[in-house]
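So you know, we letter chains A, B, ... as the sequences are listed, proteins then strands, and number each from 1.
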Protein chains: 2
Amino acid sequence: MKIEKVIKSETKLPLPKRTVLNIMYTQNVQAESFNELLKPYELSPEQFNVLRILRGQKGKPANMCVIQERMVAKTSNTTRLVDKLLLKELVTRKVCSENRRKMDIGITKKGLDLLLELDPKVQEHETGYAKNLNETELEQLNLLLEKYRGE
Amino acid sequence: MKIEKVIKSETKLPLPKRTVLNIMYTQNVQAESFNELLKPYELSPEQFNVLRILRGQKGKPANMCVIQERMVAKTSNTTRLVDKLLLKELVTRKVCSENRRKMDIGITKKGLDLLLELDPKVQEHETGYAKNLNETELEQLNLLLEKYRGE
DNA sequence: AATTAACAATTGTATATACAAGTATTATTG
DNA sequence: CAATAATACTTGTATATACAATTGTTAATT
């Protein structure tokens with residue numbers, strides 16, 4: 001669906017505005033379907049993200065600031081995110097022995113099992129969109145987005 | 001900046017996941033800078049969006065459901081958004097005479113003036129990103145995003 | 001015409017997020 | 001080595017958002 005149709009605009013938008021909206025809307029669509037996927041598991045996307053970061057640590061616990069810097073959307077409240085995961089017994093938290101200001105956050109067996117269960121569904125979500133483009137187009141899209149951000 | 005660097009991943013991500021994250025991150029970057037732009041005016045992006053929709057009506061008032069369907073992110077609470085704008089006297093609200101279930105929302109002079117003041121800054125924000133790509137690339141990006149959504 | 005269904009908007013509530021201030025610990029510096 | 005600064009995390013508070021339930025109004029059905 002063209003973006004003009006999404007926002008019910010009769011006139012064709014100027015290209016810069018069109019692009020801004022297209023990116024915004026695409027992310028919205030993507031996020032929404034991801035949310036649906038997670039809903040039965042009562043995980044928010046951010047909580048899922050934290051779990052995946054922890055698994056990526058391969059046993060080595062992560063500090064709060066490490067988690068924070070690895071998240072796509074740098075949320076301002078990792079503490080409360082981890083609180084929620086603790087309640088569900090998906091992670092562990094203890095004071096870091098080397099630096100008592102820091103916290104060691106680890107993922108539990110239950111957390112790993114949950115991720116394992118989610119893996120195929122997440123994969124499906126990702127490839128579901130990706131299959132709409134061929135490999136060259138996907139590479140192109142990634143390239144254009146990076147260039148667009150201008151970093 | 002490559003997306004792997006953003007999330008501090010040492011290994012190259014598979015293309016589908018890479019794309020999902022790239023879209024998410026690009027939207028984040030864009031949204032953040034737009035937020036910065038609006039902050040001095042104490043407007044949230046959603047509030048701004050509503051104002052712009054109302055201006056687009058060219059005098060003709062809009063009902064709640066019209067506003068809702070024109071928003072990029074279909075928020076679940078247009079009422080409270082409009083409440084906020086009312087408090088700032090940027091919009092008016094009265095019961096629709098033809099159908100008393102509906103509300104007629106209009107933009108005030110003050111609202112129009114605010115938009116007028118914002119226009120150049122918003123334009124700058126949009127073209128700021130757009131100038132990182134040439135016109136062909138921009139068209140390409142829009143096309144790929146639409147195709148990616150697969151609608 | 002009375003009853004039921006559908007529609008448009010609002011309100012309640014629980015949860016999430018943003019931002020600032022606070023606490024505890026470690027590092028720096030005069 | 002005491003004082004100050006910096007770091008890592010937590011907490012408070014105000015606002016935002018999601019979702020369900022509610023209210024008031026109009027349309028459809030019997």
Side-chain angles (χ1 to χ4, degrees), chain A residues 24 27-29 31-50 53-54 61-88 91-106, chain B residues 24 27-29 31-50 53-54 61-88 91-106:
Chain A
M24 200 180 300
Q27 155 58 9
N28 271 202
V29 169
E32 191 140 320
S33 77
F34 191 58
N35 246 305
E36 285 306 307
L37 189 165
L38 291 179
K39 194 173 291 174
Y41 301 91
E42 302 192 72
L43 271 187
S44 74
E46 290 76 20
Q47 288 173 13
F48 170 78
N49 199 202
V50 171
I53 288 165
L54 291 175
N63 309 126
M64 291 305 224
C65 52
V66 168
I67 295 174
Q68 191 140 10
E69 73 179 12
R70 301 215 171 173
M71 299 214 277
V72 195
K74 317 294 182 201
T75 167
S76 69
N77 226 325
T78 314
T79 301
R80 279 189 271 243
L81 258 178
V82 169
D83 285 346
K84 296 288 158 57
L85 294 172
L86 260 174
L87 280 176
K88 297 179 203 165
V91 304
T92 57
R93 170 165 62 186
K94 61 185 208 319
V95 177
C96 173
S97 47
E98 278 126 53
N99 186 337
R100 284 162 55 208
R101 283 176 299 188
K102 294 188 180 178
M103 285 292 179
D104 280 344
I105 315 294
Chain B
M24 199 180 300
Q27 156 58 8
N28 271 201
V29 168
E32 191 141 321
S33 79
F34 191 57
N35 245 306
E36 284 307 306
L37 190 165
L38 291 178
K39 194 171 291 174
Y41 301 89
E42 301 193 70
L43 272 186
S44 74
E46 291 77 18
Q47 289 173 12
F48 171 79
N49 200 201
V50 171
I53 288 165
L54 292 174
N63 310 125
M64 290 306 222
C65 52
V66 168
I67 295 174
Q68 191 140 10
E69 73 179 13
R70 301 215 170 174
M71 300 216 277
V72 196
K74 318 293 183 201
T75 167
S76 69
N77 226 324
T78 314
T79 302
R80 279 190 270 245
L81 258 178
V82 169
D83 284 346
K84 295 288 158 57
L85 294 171
L86 260 173
L87 279 176
K88 297 179 203 165
V91 303
T92 57
R93 169 166 61 187
K94 62 185 208 317
V95 176
C96 173
S97 48
E98 279 125 54
N99 186 337
R100 285 162 54 208
R101 285 176 297 189
K102 295 185 178 179
M103 285 292 178
D104 281 343
I105 315 295

Note the angle between the end axes of the helix from C:dA1-D:dT30 to C:dG30-D:dC1, five pairs defining each, rounded to 10 degrees.
10°

Who pairs with B:Lys94 by salt bridge (charged side-chain N to carboxylate O under 4.0 Å, His left out), at least two apart in sequence or on another chain?
none

Check residues 96-104 of chain B and write down every donor-acceptor pair under 3.5 Å in which the side-chain atom is one partner and the other belongs to a residue at least two apart or another chain.
unit_1: B:Asn99; atom_1: OD1; unit_2: B:Arg101; atom_2: N; d: 3.1
unit_1: B:Asn99; atom_1: OD1; unit_2: B:Arg101; atom_2: NE; d: 3.3
unit_1: B:Asp104; atom_1: OD1; unit_2: B:Asn63; atom_2: ND2; d: 3.3

Mind calculating the distance between NZ (A:Lys39) and C1' (D:dA20) to the nearest angstrom?
12 Å

Cut-off 3.5 Å, no hydrogens considered: what does the side-chain donor-acceptor table look like for residues 77-84 of chain B, sequence neighbours left out?
unit_1: B:Thr78; atom_1: OG1; unit_2: B:Gln68; atom_2: OE1; d: 3.1
unit_1: B:Asp83; atom_1: OD1; unit_2: B:Arg93; atom_2: NH1; d: 3.2
unit_1: B:Asp83; atom_1: OD1; unit_2: B:Arg93; atom_2: NH2; d: 2.7

Qualifying residues under ring-ring contact (aromatic ring centres under 6.0 Å, His included), relative to A:Phe34, sequence neighbours excluded
A:Phe48, A:His125

Could you check how far CD of B:Glu98 sits from P of D:dT25, rounded to whole Å?
16 Å

A:Lys74 near the nucleic acid: base, sugar-phosphate alone, or nothing, with a heavy-atom cut-off under 4.0 Å?
nothing

Rounded to the nearest angstrom, tell me the gap between atom CD1 in B:Ile67 and atom C1' in C:dA9.
11 Å

Integer-rounded Å distance: C:dT10 P and B:Gln68 CD:
11 Å

Test salt bridge (charged side-chain N to carboxylate O under 4.0 Å, His left out) applied to B:Glu42 - qualifying residues, sequence neighbours left out:
none

Base-contact (B) and sugar-phosphate-only (S) positions in nucleotides 8-14 of chain D, heavy-atom cut-off under 4.0 Å, - elsewhere
SSBBBB-

According to side-chain hydrogen bond (donor to acceptor under 3.5 Å, both in side chains), who are the partners of B:Gln27, at least two apart in sequence or on a separate chain?
none

Which whole-number value in Å describes the distance from B:Lys84 NZ to C:dT11 P?
13 Å

How long is the line joining CG of A:Leu85 and P of C:dT15, in whole Å?
15 Å

If you measure from CG on B:Leu54 to CD1 on B:Ile67, what distance do you get to the nearest 0.5 Å?
5.0 Å

Excluding sequence neighbours, so at least two apart, what forms side-chain hydrogen bond (donor to acceptor under 3.5 Å, both in side chains) with A:Lys74?
none

If you count every heavy atom of other residues, nucleotides or ligands that lies below 6.0 Å from A:Glu32 atom CD, does the total exceed 12?
no

Without decimals, in angstroms, what is the distance between A:Glu46 CD and C:dT15 P?
16 Å

